[in-house]
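Order of appearance sets the numbers: ligands from 1, and atoms from 1 within every ligand.
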Amino acid sequence: MTFDVHAARAEFPILTRTVNNKPLIYLDSGASAQKPRSVMAAMTAASEHSYANVHRGLHTLANEATDLYEKARETVRRFLNAGSVNEIVFTKGATEAINLVASSFGRGLHPGDEIVLSEMEHHANIVPWHFLREDRGVVLKFVPVLDDGRLDMDAYRALLGPRTRMVAIAHMSNVLGTINPAEEIIAAAHAVGAAVLLDGAQASVHQAVDVAALDVDFYVFSSHKLYGPTGIGVLYGKAERLAALPPYQGGGEMIGEVSLDRITYADPPHRFEAGTPPILEAAGLTAAIEFLESLDRTAVAAHEHALYRRVKEGLSGANWLTELGDHPGKGAIFAFNMQGAHAHDVAQILDQQGIAVRAGTHCAEPLMKRFGVSSSVRASFALYNTLEEADSFVAALERTRTFFA
Ligand SMILES: Cc1ncc(COP(=O)(O)O)c(C=O)c1O
């Protein structure tokens with residue numbers, strides 16, 4: 001199999017629109033990817049044909065909706081190569097999945113217990129752990145980031161110790177594009193008896209993830225970065241890890257029995273899915289994963305990397321632009337600052353040229369501080385971007401520069 005970008009691109013209707021009278025060039029997929037027709041069709045079909053609340057019904061529509069919802073769980077299990085559907089918990093996104101683990105796992109922690117994070121984390125993988133620092137007196141330790149955007153793995157190993165309870169680190173950075181050495185991180189953490197959570201919000205889109213081979217304890221991602229709808233995300237947890245966690249939220253569907261003086265809880269995954277779940281979104285997520293599975297993912301990854309290389313080559317002489325993190329093994333994200341220009345102004349001028357990029361801290365303030373900047377511009381590439389778009393982006397940056405030169 002190979003990858004035909006034009007065929008894949010034709011599945012994304014929004015990419016044919018114009019912005020400010022220019023063809024849209026969408027380089028903000030790291031924030032939210034666009035959706036193929038099949039995802040929207042799956043959600044419409046479920047709405048028009050098989051919609052009711054799940055799990056509770058004895059009627060046909062409730063059973064059909066439940067089947068769709070549970071099919072999504074099996075689809076995610078296959079996508080991550082998890083051992084059982086009971087290891088797949090639906091959340092509203094990566095953020096909620098991390099909050100779930102921090103909150104439930106945190107209830108077993110004591111003052112002085114240590115959590116290891118890194119300087120490149122998204123706030124979603126920092127703030128929930130700060131809650132534990134504030135509430136339970138746990139100690140947060142941060143793995144430093146090297147100048148080229150990689151983690152300082154010697155420092156990482158030195159941070160691990162007998163009080164380390166959890167290592168929570170991005171599989172791929174949403175700013176630097178760095179793909180962290182997951183196997184090495186996990187093996188070292190397990191050697192001191194710590195659990196590992198990988199934040200796969202970015203990585204799960206760009207590479208195949210095998211939670212069994214990784215031997216990771218928790219893995220999280222969001223559907224909307226994976227060409228699926230907003231409102232649904234995934235927490236994978238090893239069966240024994242999930243079994244040991246108390247519930248996160250209370251409500252319908254997560255209980256065993258409730259009486260006035262006593263409650264018992266359902267087994268995972270239902271223990272962690274209080275209330276009505278994202279039913280239509282689950283149907284959309286199934287379609288998004290099936291879309292990805294219909295492609296040669298190795299060829300897709302090579303295409304995405306080629307987009308990044310094309311931009312890098314196009315800008316090779318540009319001493320007016322500084323990239324954040326330029327390790328050669330990084331993924332298809334290009335974050336930078338332009339000399340003499342504020343990131344927001346650069347993004348606005350690019351928007352006038354039809355190009356969508358993100359500017360700001362990218363919810364990674366500690367990382368911005370590490371690189372001595374207050375913000376940056378980020379272009380993130382997806383499978384539907386073309387080499388021509390990469391060239392247009394380079395040309396647009398050169399034009400933008402003339403505003404500030
Ligand atoms: C690395 C990383 N982690 C977590 C998140 C949070 O994802 P969500 O907002 O979908 O919960 C993001 C989103 O940008 C991210 O890039």
Under 3.5 Å, N or O to N or O, is Ser222 touching ligand 1 that way?
yes
Mind checking whether Phe105 and Phe218 have parallel, tilted or perpendicular rings, split at 30° and 60°?
perpendicular
Selected option - heavy-atom contact closest to atom 12 (C) of ligand 1, from His171, His122, Gln202:
His122
Spell out, as yes or no, whether a donor-acceptor pair under 3.5 Å connects the side chain of Asp210 to the backbone of Ala212.
yes
Given 3.5 Å as the limit, does a donor-acceptor pair link the side chain of Lys225 with the main chain of Ala33, or not?
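Absent.
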Test of understanding: given a 4.0 Å heavy-atom threshold, classify the contact between [X] and ligand 1 as side chain, backbone, both, or neither.
X: Thr95; value: both
X: His224; value: side chain
X: Ala170; value: neither
X: Lys92; value: neither

Quick check: do Val139 and Arg133 have side-chain heavy atoms less than 4.5 Å from each other?
no
Top protein contact for atom 1 (C) of ligand 1, by heavy-atom distance
Asp199 OD2, 3.4 Å
Take Tyr69 and His55 through the ring-ring contact (aromatic ring centres under 6.0 Å, His included) test and state the conclusion after the steps.
CA-CA 9 Å; Tyr69 185 66; His55 296 315; 5.7 Å; yes
